[in-house]
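For clarity, every value in this text was computed on a predicted model and none was experimentally measured. The chain is numbered in sequence order, starting from 1.
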Amino acid sequence: MAIKGAKVVNKKKRKRDNHEEQENVTNHELPELSGIPITRNIDPNTSRRKPAGVIFILENAVLEVAKIGKNYELLNRDDHGAFLMRNKKDPSYYRPDICHHALLSIWDSTIAMAGRLRVVYIKTQQGSLIEVKPNVKIPRTYNEFSRLMVQLLQKLSITGNGTRGKLLHMIKNPVTQYLPPNSRKIGFSYSSDKLIKIRNYVDTISSDTDLVFVVGAMSHGKIQNDYTDDCIAISSYNLSAAFCIKSICLALADKWDIL
C-alpha cells in the first residue's frame, strides 16, 4: 500500500512540475525574430492618411467696400458705375460677381460634396487674404453674397450659427504658409504656352498628392504665379473663372472615381 501511495505522490509531483514549466514558458517574453517586427498595440486610425484633397486660390478678386449714402456696399460696375468714375476708377474692373460665381462652382461640385475640398483662399486686389472653410454655405444670390462680403470686410471674420468657429476670416499673408508642404501648386493663365487637356494633366500627378489650383477672379490681368509649380492653359479661349473651376472639378472627380 505504501508503494502505491508513493506512485500517486510522484504522479502529482510530476504534474505540478509540468504545470510550473508551462507557466514559465507562458510568462516568458517571446523573442522577436530577426527581420519580422512584431506589431505592438498600434491604433489602426493613427496609420490612416486622409485621401488627397484640393485647395483653390482665387487671385485678384475685387472686393472693395465703400459708403454709399448711409450704407456700406460692395462696389460693382452695374450699381456703382457713376460713383467709381467720380473717384477716377475704372468700373470694368469692379466685378465681385466673378468671385461669387467661382465660389458657387466650387461648392456645387461633387468634389466639395465628397469632402475632398480642403479650403479656399481669396486674394483681393487690395492685398487682403480671406480663408473660406469648406463647411460654409455660399449664398446663392449676388445680393446675399454682397452683404456677406461687406460684413466680413468690416468685422474681419464670420462665425456660424451656434458655434464659435470662424467660417470666413481675414488672415495674414502670404498664402503659401498655409499650403500643405508636399502639395502641387498649379496656376491657370490664358496666355500660358502650356496648353493641355486638364483631364490628362491631373492623371500625371500622384493620387495621394494634395492639389492647389490658382485661378484668377478678375476681369483683366494675370495671376501671381511666382509661387506655383506649373502654369497651364486648358483652352485656347479665354474662359471664365467659374468654367475653369468646373472643368478642374470634373477632371478630379473622374480621377478620384467620385460619382
Side-chain angles (χ1 to χ4, degrees), residues 54-87 89-109 111-113 115 117-179 212-221 223-224 240-242 245-246 249:
V54 61
I55 295 171
F56 285 97
I57 301 175
L58 303 181
E59 281 263 7
N60 293 334
V62 182
L63 302 174
E64 187 175 340
V65 174
K67 191 173 184 179
I68 309 295
K70 296 182 179 180
N71 301 318
Y72 286 93
E73 298 181 13
L74 186 66
L75 295 176
N76 68 82
R77 68 175 184 179
D78 296 327
D79 299 328
H80 309 109
F83 173 85
L84 292 167
M85 294 181 68
R86 285 198 305 269
N87 287 274
K89 296 183 178 181
D90 186 352
S92 66
Y93 282 90
Y94 285 78
R95 295 286 310 279
D97 58 297
I98 295 177
C99 181
H100 180 222
H101 292 155
L103 291 172
L104 288 177
S105 293
I106 296 171
W107 262 262
D108 285 345
S109 69
I111 296 297
M113 296 176 186
L117 175 65
R118 296 286 181 260
V119 67
V120 173
Y121 296 105
I122 303 173
K123 296 177 67 177
T124 72
Q125 283 191 345
Q126 292 72 34
S128 300
L129 181 60
I130 303 169
E131 181 185 57
V132 186
K133 296 292 182 64
N135 55 332
V136 71
K137 186 177 181 181
I138 302 299
R140 303 301 305 181
T141 67
Y142 174 76
N143 288 337
E144 292 176 343
F145 172 77
S146 177
R147 288 193 291 269
L148 180 68
M149 289 297 106
V150 170
Q151 182 182 354
L152 171 64
L153 294 172
Q154 289 183 324
K155 295 185 177 181
L156 304 183
S157 66
I158 294 177
T159 58
N161 294 329
T163 178
R164 294 183 180 180
K166 295 178 180 179
L167 299 179
L168 299 93
H169 67 122
M170 312 289 287
I171 57 177
K172 293 182 179 180
N173 282 294
V175 69
T176 51
Q177 64 181 311
Y178 308 107
L179 303 179
V212 180
F213 292 99
V214 185
V215 180
M218 66 289 188
S219 58
H220 308 286
I223 65 170
Q224 180 184 356
S240 68
I245 289 170
K246 182 179 179 181
C249 292

TODO: Sequence neighbours left out, what passes side-chain contact (heavy atoms from CB on, under 4.5 Å) with Lys246? Give chain and number order.
DONE: Leu250

For residues 147-155, run the donor-acceptor check on the side chains, cut-off 3.5 Å, and write out each pair with its distance to 0.1 Å, sequence neighbours left out.
none

- [ ] Output, in order, the C-alpha distance, side-chain angles, deciding distance and verdict of side-chain contact (heavy atoms from CB on, under 4.5 Å) for Ile122 and Leu103.
- [x] CA-CA 10 Å; Ile122 303 173; Leu103 291 172; 4.2 Å; yes

Open item on the list: Quick one, Met218 and Ile98 - any side-chain contact, counting heavy atoms below 4.5 Å?
Closed with: no

Open item on the list: Are the side chains of Tyr178 and Val119 in contact, using a 4.5 Å heavy-atom criterion?
Closed with: no

- [ ] Give the ring-plane orientation class for Phe83 versus His80, where under 30° counts as parallel, over 60° as perpendicular and anything between as tilted.
- [x] perpendicular

Open item on the list: Ignoring hydrogens, what is the shortest heavy-atom contact between Lys123 and Val175? Give both atom names and the distance.
Closed with: CD-CG1, 4.2 Å

TODO: Find the distance between CZ (Phe213) and CD1 (Ile55) and round it off to the nearest 0.5 Å.
DONE: 11.0 Å

Task: Contacts of His169 that satisfy side-chain contact (heavy atoms from CB on, under 4.5 Å) - sequence neighbours left out - done: Glu131, Ser157, Lys166, Ile171

Open item on the list: If I compare all heavy atoms of Pro96 with all of Val62, which pair ends up nearest, and what's the gap?
Closed with: CB-O, 3.5 Å

Task: Backbone of Asn143 reached by a side-chain donor or acceptor of His100 within 3.5 Å - done: no

Open item on the list: Quick check: do Pro91 and Met85 have side-chain heavy atoms less than 4.5 Å from each other?
Closed with: yes

Open item on the list: How close do Met170 and Ser128 get, counting heavy atoms only, and between which atoms?
Closed with: CE-CB, 3.4 Å

Task: Value rounded to 0.5 Å, distance of CZ in Phe56 from CG in Leu117 - done: 7.0 Å

Task: With Met113 via side-chain contact (heavy atoms from CB on, under 4.5 Å) - residues at least two apart - done: none

TODO: Could you check if a side-chain atom of Ile106 sits within less than 4.5 angstrom of a side-chain atom of Ile138, using non-hydrogen atoms only?
DONE: no

Open item on the list: Minimum heavy-atom separation for Val136 and Leu168, please, with both atom names.
Closed with: CG2-CD1, 3.4 Å

TODO: May I ask you to test the Trp107-Val132 pair for a side-chain heavy-atom distance under 4.5 Å?
DONE: yes

TODO: Evaluate the side-chain proximity of Val212 to Tyr121: yes if any heavy-atom separation is below 4.5 Å, no if none is.
DONE: no

- [ ] Can you see which heavy atom on Ile111 is nearest to which on Cys249, and at what distance?
- [x] CG1-O, 3.6 Å

Task: Considering all heavy atoms, the nearest Ser146-Leu74 contact - done: OG-CB, 3.3 Å

Open item on the list: Let me confirm one number: the CD1-CD1 distance from Ile57 to Ile223, rounded to the nearest 0.5 Å.
Closed with: 9.0 Å

Open item on the list: Is there a side-chain contact between Phe145 and Asp97 in this structure, where contact means two heavy atoms from C-beta onward sitting under 4.5 Å apart?
Closed with: no

Task: Gap separating the CG atom of Asn60 from the CD atom of Gln126, nearest 0.5 angstrom - done: 9.5 Å

Task: Gap separating the CG atom of Asn76 from the CD atom of Glu64, nearest 0.5 angstrom - done: 11.5 Å

TODO: Report the distance from atom CG of Asn135 to atom CG of Leu167, rounding to the nearest 0.5 Å.
DONE: 5.5 Å

Open item on the list: Just to verify, what does Ser92 make a side-chain hydrogen bond (donor to acceptor under 3.5 Å, both in side chains) with, not counting sequence neighbours?
Closed with: Asp90

Open item on the list: Among residues at least two apart in sequence or on other chains, which ones pass side-chain hydrogen bond (donor to acceptor under 3.5 Å, both in side chains) with Gln125?
Closed with: none

